[in-house]
Each structure stands twice: as structure tokens, then as C-alpha cells.
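A note on names: the letters A, B, ... follow the listed sequences, proteins ahead of strands, and every chain is numbered from 1. Because the structure is a prediction, the values reported are computed rather than measured.
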2 protein chains.
Amino acid sequence: MDPRKARTLAALLSAGEEIFRKRSVDDVTVEEIAARAGVAVGSIYNAFGSKAGLHAAVVERAIEGNRDHMDHAYQREGSALDRIYAAADAYLSFYLSYPDYFRMLAFPQAPGHYAAGKELAARLARAVHEQNARLVATLREGVEAGELRAVDPQETATVLWATWNGIMSLHWRPDDLRQDEAGLRRLLAAASDVLATGLLPRPRS
Amino acid sequence: MDPRKARTLAALLSAGEEIFRKRSVDDVTVEEIAARAGVAVGSIYNAFGSKAGLHAAVVERAIEGNRDHMDHAYQREGSALDRIYAAADAYLSFYLSYPDYFRMLAFPQAPGHYAAGKELAARLARAVHEQNARLVATLREGVEAGELRAVDPQETATVLWATWNGIMSLHWRPDDLRQDEAGLRRLLAAASDVLATGLLPRPRS
DNA sequence: AGTTATCTTGCAATGATTGCAAGAAGCCTT
DNA sequence: AAGGCTTCTTGCAATCATTGCAAGATAACT
């Protein structure tokens, strides 16, 4: 890579990591980040597409060496439903650890006009595909093992994923419908229970 | 009401109705709306809190005399589950008719600093409470009639509502995970099927 | 008719994002 | 090593939604 670009990326990632560790993305200006990195504001857009794009890159780097959250859920022993329950819990942990990044995965905005924004959108979609592929595989295994009734694994995985996203979104409502962490856990458990029951094989009559 | 305020509200609602009938909210500037209404840009914020707030008020007025969407779903004959299926369909129809307003109900942003924005947030929360109250009542009736297993109606209503929101949100994704109207229908049907099955009373063993 | 309260306005500002021309740095070829 | 070409960064002005505030006009009240 061109050393100038590498220097700019490194400086911004470093500055972003430092600033975002202490303050929320909304509380930080692009002016501040650029000043901390010693680059122009426009470099943020050229390199990452947006302020949120820089934040996503910071989180992606943090996650890179630590994918325990979802890995453990899908690798655990037990039935397919056990793994789905565990995946839901892991998804919540992931959300609580990286709420802004999660939001970009679950409810992405338009990528903007910069190439880096479009690249970010592609990376986010890929991350969702990877996580959903595991859900699909788990559902398929469950159906094949007779643990789950004959549902379309792809479609059902999308439903589960959308349900979890809908529940997490209640955490950032600005009104009395907002759910705190305990409320999210309860709703996730309730959702998992109803969904899991709905996926059980029907008894023969 | 102060006649000056009434005039400003009427002018802006009129201008908003005309402009939003032809073009999407994102495609219109506050400058354009204010010019069309013959008022200052600041009046939009004083009266509605934001551009989205004006749009919400326009939709609320349109809906006011026409609540068929959700009314029919909850009033139809049949089991509680029939009504829940119908409510899901009605919810999709409602979303397709008023996507931007729906988005404010399902995923509201921070209300901003204007009093009118806070009032809007309260109205949106109330609308969600009203719609969810019907869902709660339908679930309660189902449990009491033995049609549904003993779930917490309030909690389950929140899960259903969050699930539908999560599914609708797939319609505005900017990547290949996006679902068109047909895809939303399929996912909604799949979700309703799994959830409904999961809510059935467990057979005695 | 005078006073007080409310409403609207013009204006400057904030912050994220965008486009673009100019200059510097790096790469490649000779 | 030098020259030409490509890529990267920058400064700057701009767009747009939103915000705050002082000033003036309008309406209500006494």
C-alpha cells in the first residue's frame, strides 16, 4: 500500500481508538478526531467514508483477534435449539459491547458518496452473511436431526436475526417503550422461547 | 389557539401535504417547504420540531379519518391467532402506505431541542402503546380462551411487535440483504407461522 | 389605550458530509 | 539519477438539518 495512505489510516485508527474508548461517537466531532490524528477532516471521508465508518473500522480491528462471542455459541454441545438460545445471548453480549457498530450491522444507513463508505457497506453485509450462515447451518442441522420441524433454514434464520434486531432496537428508544439491559434479556428469552417452541417438530396425531 | 400559530400550522401542513405527496421526505429541503408555506424556516422547528415532525403531522392528519388498517385486523372473527396473523398483514400494509411515519414509530430518533419535537415523541409513543394494547388484549383473550398457552401477554406483544419491526427494517437496507415487498410478506408469514406455533397450548403428555 | 405575552422572523452558528483544484509524495520507467 | 505519471492529502467553499437568540409584530388582557 502507498505509505502515505497507510500513515493516514494508522493515524486515524489510533486517534479514533483513543477517543472512542472514552466517549460515544455522537459526542465526538470529526474536527476533533482529525486534529488528534494530525490530518485534514477530508482524510476521514477519503479513508473511511464517514465518522461512523472510522468507528466501525476501530471496532473491526478490536474484534479481529477476539471472536469468542459468536464462536462459542455455535460450537457448544447440545441440540440445535441450545445453540440458537446461546446465539441469542451471544448476540446481546455483542450488542452491549459494541452498540454503535451493532447498529450499523443491523440498521445500516446509506453509504454516502465516498468509495470507502461503499467498501464499509460491503464489509458490514459480509459480516451479517457470515453470522447468518451459521444460524442457517444450525437450523439445517436441527431439521436433519429431527430436532426441528421442516422449516426453510435460510428464511427462518432471517426471521430470527430480524427478531433479535427488533428487540435490541428497543434499547435506544427515547420514550417509555425503551428497554434496559434486563428488559432486553427478558424479551430475548421470551422471543427465543416462543420461537424455539414454534420450531419444534409437531407431534404426530 | 393563537391565530398566528394556527395560520402557521395550517400553512405548513398544507405545503407539507402537497410536497410530500409527490416527493420523499429526504428529497425535500426545509427551505423549499418554508418557501411554499410562506413562512420562515425556523417556524418549521417551532411548530413541528423538525422536518420529519412536519411529515409525521401530515401523515397523522391523513390517518385520522381512516384507521381501517389495524381496526379490521383486531375486529375480525376467528381465533386469537387469526387476529394476530391479520394484524401482521395490516402492519405491513400500514408500513407500505406510510414508510417514513412507520419508521418514526418503530425506530424513533432523539426528539431534538424543540418542544414540538418532544410533543411528537409523546404522540408517537402513545400511538405505539395503543396499537400494542390491542395486541396485548388479543393475546390475553387467546390465553383465557385456551387457544394460546400461558404466556405473558404484555411481554409477548412486545416480542411480536419488535419482530415485525425487525422484518420491516429489511426493506430499507442498502445492501443485498434488502427485502422487497414480496420478501417482506414471506418473512412476515414465516415469522407469524413460527410464533403462532410457538404460542399454541402444549399438548398434555 | 397601554401593557404584557406570544409568535414569527432574520441571522449566525454548529456539525456531518461533499466536491474539487492544487500541491506534495511516491512509483515507475528510462 | 532524473523525469513523468499516478496517487494521496489538503484547504476551502458549499449543502443541509438543526439550533439559539434578540428584535419586532401581533394578539390578548386589563
Side-chain angles (χ1 to χ4, degrees), chain A residues 1-13 15-16 19-20 23-57 100 103-104 108-121 174, chain B residues 1-13 15-16 19-20 23-57 100 103-104 108-121 174:
Chain A
M1 187 196 277
D2 195 293
R4 293 171 296 178
K5 186 161 184 166
R7 278 199 298 276
T8 300
L9 288 177
L12 282 168
L13 281 170
I19 290 187
F20 293 141
R23 294 152 65 201
S24 134
V25 182
D26 288 337
D27 186 46
V28 175
T29 71
V30 286
E31 192 74 39
E32 266 184 283
I33 303 169
R36 176 69 60 91
V39 302
V41 162
S43 289
I44 293 177
Y45 296 95
N46 284 338
F48 298 100
S50 63
K51 178 172 56 161
L54 166 58
H55 177 260
D100 294 306
R103 200 165 179 170
M104 293 186 76
Q109 302 293 321
H113 293 187
Y114 288 85
K118 295 171 173 52
E119 287 157 24
L120 168 68
Chain B
M1 184 196 276
D2 195 294
R4 294 171 297 180
K5 187 162 183 165
R7 278 198 296 277
T8 301
L9 288 177
L12 281 167
L13 281 171
I19 290 187
F20 293 140
R23 294 152 66 199
S24 135
V25 183
D26 289 336
D27 186 46
V28 176
T29 69
V30 287
E31 191 74 39
E32 266 184 281
I33 303 168
R36 175 69 60 92
V39 302
V41 163
S43 291
I44 293 177
Y45 297 95
N46 284 338
F48 299 101
S50 62
K51 177 172 54 162
L54 167 58
H55 177 261
D100 293 306
R103 201 163 178 171
M104 294 186 76
Q109 303 293 322
H113 292 188
Y114 289 84
K118 294 171 172 54
E119 287 158 24
L120 168 68

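Distance A:Phe48 CZ to C:dT18 C1': 18 Å, rounded to the nearest Å. With rounding to whole Å, B:Lys5 atom NZ is found 13 Å from C:dA5 atom C1'. Between A:Ile44 atom CD1 and C:dT18 atom P there is a gap of 13 Å when expressed in whole angstrom units.
By the ring pair (Phe, Tyr, Trp, His ring centres under 6.0 Å) test, A:Phe48 is found to be paired with no residue, residues two or more places apart in sequence or in another chain being considered. Remark: B:Glu32 engages B:Arg23 in a salt bridge (charged side-chain N to carboxylate O under 4.0 Å, His left out) (not counting sequence neighbours).
Atom NE2 of A:His55 and atom CG of A:Asp26 lie 10.0 Å apart (nearest 0.5 Å). Interatomic distance, CD1 of A:Ile33 versus CG of A:Leu54, reported as 5.5 Å (0.5 Å rounding). Residue A:Leu9 holds its CG atom at 10.5 Å from CG of A:Asp2, rounded to the nearest 0.5 Å.
The phosphate of D:dT10 has OP1 or OP2 within less than 4.0 Å of a side-chain N or O from A:Ser43.
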Exercise. Could you encode protein contacts along nucleotides 15-30 of chain D as a string, one character per nucleotide from 5' to 3', using B for base contact, S for sugar-phosphate-only contact and - for no contact, with a heavy-atom cut-off of under 4.0 Å?
Key: --SBBB----BBSS--
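A:Lys118 NZ: more than 12 foreign heavy atoms inside a 6.0 Å radius.
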